Amino acid sequence: MKIATYNVNGIASRLPRLLEWLEGSRPDVACLQELKTATETFPASALQAAGYEAVWVGQKSFNGVAILVRGGAPIERIRVLPGDPDDTHSRYIEAEVGGLVVASIYLPNGNPQPGPKFDYKLAWFERLIRHADTLMQEGRPVVLAGDYNVVPTDEDIYSTKSWLDDALLQPQSRQAYQQLLAQGWLDAVRHRHPGERIYTFWDYMRNRWPRDAGLRIDHLLLSPGAASRLVDAGVDRDERGKERASDHAPAWIVLR
DNA sequence: ATGACATTTGCAAAATGA
């Protein structure tokens, strides 16, 4: 069973790329982020024609998350991260898929920092940590996949020089990520490729893709029950080099 | 403090996000 996470950076403008990738990489489950379209304008029929049923929650212009399942349908559990009734951002959706619990996560970017956007990021992260704990208590196999907007360590970036003040590298962001992992989650891609330079995001600006100046910020976290079934993990880097590509590449795992 | 890029809005240049 192949499960992928892909920040598409606008599903409307990226639909041809997305469909090509689905056909080529053939994930059984695809968690998408940054749909950047309203719930009503999600291209469900185009995805259905490609063999995928979906659950999604959108929002005009930004955010938006979805879970796609090939040859089956995800059963939605929740479409709001618990803990703040005033939060209007579409950043979380969770579904049951073939005995697994799968979440598609778009954690706030948090720039500029310090400031209200960074405060929102950390508060959102705390809510995620609380909710992840309740999922862990359920004792079922869980995959938390998405754009975490956190570079976990200096090994996960080409160079920290231009990014030291960025929200993605702040000690508070990294501590929150470590706090989440400490509950018992496994960072699947890093686990399968210790010591390797692996990136999932290359900024459009400053020639960062041609220079391979990347960051690893898209992660698949596995509960122990899912981790024991892990057989492979990787990143479809080539997607980033295509015409009108997202600034992210898909990351994926294979579970037994 | 600004702009580097990509896209949308709305039909030019500005705003938005990251």
Side-chain angles (χ1 to χ4, degrees), chain A residues 5-21 31-43 46 56-66 81 87-92 104-125 128 145-152 154 156-174 176-177 198-219 235 237-251:
Chain A
T5 181
Y6 191 7
N7 179 323
V8 294
N9 190 16
I11 197 166
S13 53
R14 227 63 73 186
L15 191 58
R17 281 292 89 81
L18 175 61
L19 294 173
E20 280 172 20
W21 169 71
C31 299
L32 308 182
Q33 301 86 33
E34 279 212 85
L35 304 177
K36 290 188 171 181
T37 198
T39 302
E40 298 74 28
T41 47
F42 181 80
W56 67 91
V57 53
Q59 184 171 2
K60 191 176 163 66
S61 303
F62 64 117
N63 303 324
V65 286
L81 182 66
D87 186 4
T88 56
H89 290 203
S90 303
R91 297 183 175 276
Y92 189 91
S104 181
I105 294 168
Y106 181 44
L107 207 131
N109 172 284
N111 281 305
Q113 77 76 35
K117 291 193 174 180
F118 191 59
D119 296 341
Y120 173 63
K121 173 180 196 154
L122 296 179
W124 204 95
F125 221 141
L128 178 63
D147 178 357
Y148 283 75
N149 270 314
V150 176
V151 175
D154 289 354
D156 301 301
I157 183 168
Y158 66 102
S159 160
T160 59
K161 191 169 177 288
S162 310
W163 297 85
L164 288 172
D165 291 331
D166 195 281
L168 279 57
L169 274 75
Q170 292 315 296
Q172 297 100 309
S173 308
R174 287 178 162 182
Y177 187 72
I198 300 177
Y199 308 132
T200 65
F201 165 81
W202 298 258
D203 200 298
Y204 289 125
M205 293 181 266
R206 300 183 177 181
N207 220 27
R208 284 195 165 109
W209 167 247
R211 294 194 292 129
D212 194 25
L215 288 66
R216 193 175 73 91
I217 58 175
D218 300 272
H219 310 301
V235 174
R237 289 182 47 102
D238 292 351
E239 296 303 313
R240 179 61 181 82
K242 295 184 174 170
E243 279 298 307
R244 288 175 66 92
S246 168
D247 43 7
H248 294 249

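Just so it is clear, the structure is predicted and the values come from calculations on it, not from any experiment. Any value given below was found using the heavy atoms of this structure, including those in side chains, with hydrogens, waters and symmetry copies removed.
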B/dT7 versus B/dA12 - spacing of their C1' atoms, nearest Å
15 Å
d(CG, A/D247; C1', B/dT7) in whole Å
11 Å
Measuring only the P atom in each nucleotide, how far is B/dG10 from B/dC5? A whole number of Å is fine.
24 Å
Polar contact flag, side-chain donor to acceptor under 3.5 angstrom, A/Y204-A/N9:
yes
For atom CG of A/L15 and atom C1' of B/dT7, their distance in whole Å
16 Å
Check the side chains of A/Y158 and A/R211 for a donor-acceptor pair under 3.5 angstrom, ignoring hydrogens and angles.
no
With a cut-off of less than 4.0 Å, is there a side-chain N or O of A/R14 near OP1 or OP2 of B/dT7?
yes
Contact nearer the 5' end of DNA chain B, comparing A/G110 with A/A12:
A/A12
Starting from the 5' end of DNA chain B, give me the residue, A/A245 or A/F201, whose nearest nucleotide shows up first.
A/A245
Protein-nucleotide distance (A/M205, atom CE; B/dG17, atom C1'), rounded to Å:
9 Å
Among the nucleotides B/dC5, B/dA18, B/dT7, whichever has the atom closest to the side chain of A/S13 is B/dT7
Considering only the C1' atoms, how many Å lie between B/dC11 and B/dA15, rounded to the nearest integer?
15 Å
Taking atom P in both B/dA18 and B/dT8, what distance in whole Å separates the two?
15 Å
Whole-angstrom distance between B/dA4 and B/dA13, as gauged at atom P
16 Å
Test ring-ring contact (aromatic ring centres under 6.0 Å, His included) applied to A/H248 - qualifying residues, sequence neighbours left out:
A/F201
Closest to the A/K60 side chain: B/dT9, B/dG17, B/dC5?
B/dT9
Could you give the CG-to-C1' distance, from A/N63 to B/dA18, as a whole number of Å?
12 Å
Under a 3.5 Å cutoff, is there a donor and acceptor pairing between the side chains of A/K117 and A/N111?
no
Does the side chain of A/K36 get closer than 4.0 angstrom to OP1 or OP2 of B/dT16 through an N or O atom?
no
